[in-house]
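In what follows, a single structure is set out as structure tokens and then discussed.
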Protein chains: 2
Amino acid sequence: MENYDVTKFDRPSVTVDVVVFTIKDIDLKVILVKRAVWPYENMWALPGGFVKMEESLDQAAKRELLEETNVKDIYLEQLYTFGDVKRDPRTRVITVAYFALINQDNLELKASTDVSDVKWFSAYNMPQLAFDHKEIINYAIKRLRWKLGYTTIGFKLLPNEFTLTQLQTLYEIIFNKKFDKRNFRKKILFLELIEETDEITKNVSHRPAKLYRFKKKIGEIIEII
Amino acid sequence: MENYDVTKFDRPSVTVDVVVFTIKDIDLKVILVKRAVWPYENMWALPGGFVKMEESLDQAAKRELLEETNVKDIYLEQLYTFGDVKRDPRTRVITVAYFALINQDNLELKASTDVSDVKWFSAYNMPQLAFDHKEIINYAIKRLRWKLGYTTIGFKLLPNEFTLTQLQTLYEIIFNKKFDKRNFRKKILFLELIEETDEITKNVSHRPAKLYRFKKKIGEIIEII
DNA sequence: TGAATAGTGTCTTTCAGACAATATGCC
DNA sequence: GGCATATTGTCTGAAAGACACTATTCA
């Protein structure tokens, strides 16, 4: 019974696609790549590609992101698997979508494999997209809001040191609404998740702000904010 | 460029596996099947199997559940996709895990395809399992608790008409802790999610309880409980 | 009338939200 | 001194949690 024949059945192909978010220019941005190959040639799409036999899904997501956009060292979590029969014109393709957050410091996008361009687009104003990638991004925005409300994931979008105004602006951009400054600060400080540094903002033509840092270990995410 | 060759690359296989929960005998139960074929022959595992080319992932999950356990008409949502390279001894297999809830009324488990037995097991006391299915179930329990806390998903585990004590017991079993009866009822009734029926429990040797029903449409799930 | 479970209200504490004046650094 | 942003506290209303006695049915 151990001579299992892998070729016995037709099999779907498996890809990964990654929705990378950052905050930039007071806006929520997503990385898109311009496809250089059929199908949907010259259309914008999520970075991603086929999963290789000898790599895990997470590894595939990281590899494709590096290959197509030059992005690495990023927070990555699995989002959802999209498997409609007709979602890809080539053949049956199931895609495992990933969700990634990065802060935009010293980050240089660079197109390569199968891709003619890479750019940040506003998540609230995207071009027409290949495949079902619009649906994937909308799903990712929902996940981002949900997690921002219930976990400390938001710190992944900020530099190591940040002001309370930056933190509040982050929440305002993602939830697309304003918060009261005093209440926001009261709540954040009460949670004891962040601590003051000795630094203040430089080169601003107004009162400089204290810089804070996230107290928990890099990578740690706590529930309930 | 349109003559895309599907056979050009080796491809992983894709399966679905389903974690079906119910509440029975004051305990949280999961359906397991006894495997009749290699690998892990005679071990308990989650119901599941290979995704066919012409069916979506959701359809595959429903079909496998019906074939292997005789369960149908169930609440089903995608849980997570497990894709470690070595998780299956046959070949590279990526599995899309599903999470399902059912109330145990008039439900008859019946083994068939590739399976020699089907049974309910306590989620808190399971036998050794095939593949990485233990990990999948643990992940499903986390999801269940999370969703029970933040949505009305719990009603899927109850019959159409239920007593407030049944509802409270459900929460106590899944969270594995006791709640105050008055506070629990106050909160539930304040939310206006359920309404009284004209019925009361029969054949109990003590004061009978009012039966309630969930007010929302079947299938609807509301956030924030 | 005893056993078993159903049903009900008040008080206290905690958290969320509304709301505006002063402080500081740069030009 | 004027501009721009940073920083700070009180009050009110809503919700969560602690807590115990009466009601009803059946055997």
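Below, each value reflects all heavy atoms present in this structure, side chains not excepted, and no hydrogens, waters or symmetry copies. Letters go in sequence order (proteins before strands), and every chain restarts at 1.
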About how many Å separate [atom2] of [Y] and [atom1] of [X], when rounded to the nearest 0.5 Å?
| X | Y | atom1 | atom2 | result |
| --- | --- | --- | --- | --- |
| A:Trp44 | A:Lys134 | CH2 | NZ | 13.5 Å |
| A:Leu101 | A:Ile153 | CG | CD1 | 5.0 Å |
| A:Ile173 | A:Gln168 | CD1 | CD | 11.0 Å |

Sugar-phosphate, base or nothing in reach of A:Lys186, heavy atoms under 4.0 Å: base

Sugar-phosphate, base or nothing in reach of B:Thr165, heavy atoms under 4.0 Å: sugar-phosphate

A:Arg213 with A:Glu195: basic N within carboxylate O range, under 4.0 Å: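 Result for this pair is yes, salt bridge flagged.
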
Measure the distance from [atom1] on [X] to [atom2] on [N] and round it to the nearest whole Å.
| X | N | atom1 | atom2 | value |
| --- | --- | --- | --- | --- |
| A:Phe184 | D:dT7 | CZ | P | 13 Å |
| A:Phe190 | C:dT14 | CZ | P | 9 Å |
| A:Ile200 | C:dG25 | CD1 | P | 7 Å |

B:Lys142, NZ: over 12 other non-hydrogen atoms inside 6.0 angstrom: no

Phosphate-side-chain proximity, A:Ser205 and D:dA4, N/O vs OP1/OP2 below 4.0 Å: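 Result: no.
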
Side-chain N or O of B:Arg182 closer than 4.0 Å to phosphate OP1/OP2 of D:dA18: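 No, B:Arg182 has no side-chain N/O under 4.0 Å of OP1/OP2 on D:dA18.
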
If you go through the side-chain atoms of [X], does one of them form a donor-acceptor pair with the base of [N] closer than 3.5 Å?
| X | N | answer |
| --- | --- | --- |
| A:Asp180 | C:dC19 | yes |
| B:Lys187 | D:dG17 | no |
| B:Arg207 | C:dA4 | no |

Among the nucleotides [options], which one has an atom lying closest to any side-chain atom of [X]?
| X | options | answer |
| --- | --- | --- |
| A:Lys210 | D:dA4, D:dT8, C:dA6 | D:dT8 |
| A:Ala209 | C:dG7, D:dT7, D:dT5 | D:dT7 |
| B:Asn183 | C:dG9, C:dG25, C:dG7 | C:dG9 |

Upstream residue (5' side of DNA chain D) when A:Leu164 and B:Pro208 are each assigned their closest nucleotide: A:Leu164

